[in-house]
Amino acid sequence: MTLSIDNLTKNYGSYTALNHMVLTLTPGVYALLGPNGAGKSTFMNLITGNLVPDEGEIYYDGIPIRELGAKFRGILGFMPQQQGLYENFTAYRFLSYMASLKGMGSREAKREIAWALEMVHLTGQAHQKLGAFSGGMKQRILVAQAIMNDPKVLILDEPTAGLDPKERIRIRNIISKISTGRIVIFATHVVSDIEQIAKEVILLKKGHVIAEETPDAFCQMMEGKVFEAEMSETEFARTGNAFPYGIS
Ligand SMILES: Nc1ncnc2c1ncn2[C@@H]1O[C@H](COP(=O)(O)OP(=O)(O)OP(=O)(O)O)[C@@H](O)[C@H]1O
Ligand SMILES: [Mg+2]
């Protein structure tokens, strides 16, 4: 199973958000790192078909995904970066709704919902309203909808955003557990989310892939470039906008 990204380019007007990206992805977890605006969500939305490339092509096992159409969407799981939840829906009703959007029959939906709830540790909360969920539980139910129906390609756009360390570890463990035999792309700003589970780190900057490394090699690359320092607020203000991904 291979997802090949061939010269993928996306422009918004005169701005190039993704610039001739070339990548080959096989089963395993890929960490997608990069500062705000690097093009992570653009890349993900091109895979899911929410955006159409200006140049280039994405191939799944050698066939362009635009030719595969619904067939490709059927093997895709997606957790978008910003997703509203129906606060009045229970977790179970939300997953039933997502299952019907994915075209599942009722018996299949029942089985998939039970499995997905189990995976994200929300079986006991299935009949609670989403409005009463904590941020971490909401993220987990969004992960649950993405993993239903056995997706071969799983796209998670910052699934750990805004979570406390415990919930981050939970999400990381869930993703690690279900990653076998799937291509998983996991966007995050936090290296500790992925250093133990990713087979590769893809670093994006201004629409370019500037590094593609194993997590170990990536961390080595960062050696000497990342440091901790104690300083006063005034001193901090003087450092200017030293961004953590500021490799040039
Ligand atoms: N619909 C749009 N119209 C115009 N410009 C856009 C649009 N969507 C994204 N962009 C621009 O494209 C660039 C890449 O955006 P993208 O959302 O892909 O970045 P990102 O890496 O996901 O950032 P973040 O970490 O903030 O989620 C940004 O400069 C953004 O302003
Ligand atoms: Mg984004």
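Start at 1 and go down the list; that is how both ligands and their atoms are numbered. Any value given below was found using the heavy atoms of this structure, including those in side chains, with hydrogens, waters and symmetry copies removed. All values reported here derive from a predicted model rather than from experimental measurement.
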Quick one: which ligand 1 atoms are inside 4.0 Å of a heavy atom on [X]?
X	result
Y15	12 (O), 13 (C), 29 (O)
K40	18 (O), 19 (O), 20 (P), 21 (O), 22 (O), 23 (O), 24 (P), 25 (O)
P35	21 (O)
T42	14 (C), 15 (O), 16 (P), 18 (O)
S41	17 (O), 18 (O), 20 (P), 22 (O), 27 (O)

Using non-hydrogen atoms of the residue, decide whether H189 is closer than 4.0 angstrom to ligand 1.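 A heavy atom of H189 does come that close to ligand 1.
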Run the salt-bridge test on K102 and E112 with the 4.0 Å N-O cut-off and return the result as yes or no.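 Salt bridge flag = no for E112 with K102.
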Hey, are R66 and E57 close enough for a salt bridge, meaning a charged N less than 4.0 Å from a carboxylate O?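 The answer is yes: the pair qualifies as a salt bridge.
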Polar-atom distance check: G39 versus ligand 1, any N or O pair below 3.5 Å?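 The answer is yes, given that G39 and ligand 1 share an N or O pair closer than 3.5 Å.
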Report yes if some N/O of A17 lies less than 3.5 Å from some N/O of ligand 1; otherwise report no.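 N/O-N/O distance under 3.5 Å: no.
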Apex the Mg ion (ligand 2) - arms OG from S41 and OE1 from Q81 - angle rounded to 10°: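 With the Mg ion (ligand 2) as the vertex, OG (S41) and OE1 (Q81) sit 80° apart.
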With heavy atoms only and a cut-off of under 4.0 Å, state how A187 meets ligand 1: side chain, backbone, both or neither.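 For A187, there is no contact with ligand 1 at all, from either part.
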Is it the side chain, the backbone, both or neither of F43 that has a heavy atom closer than 4.0 Å to ligand 1?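 None of F43 does.
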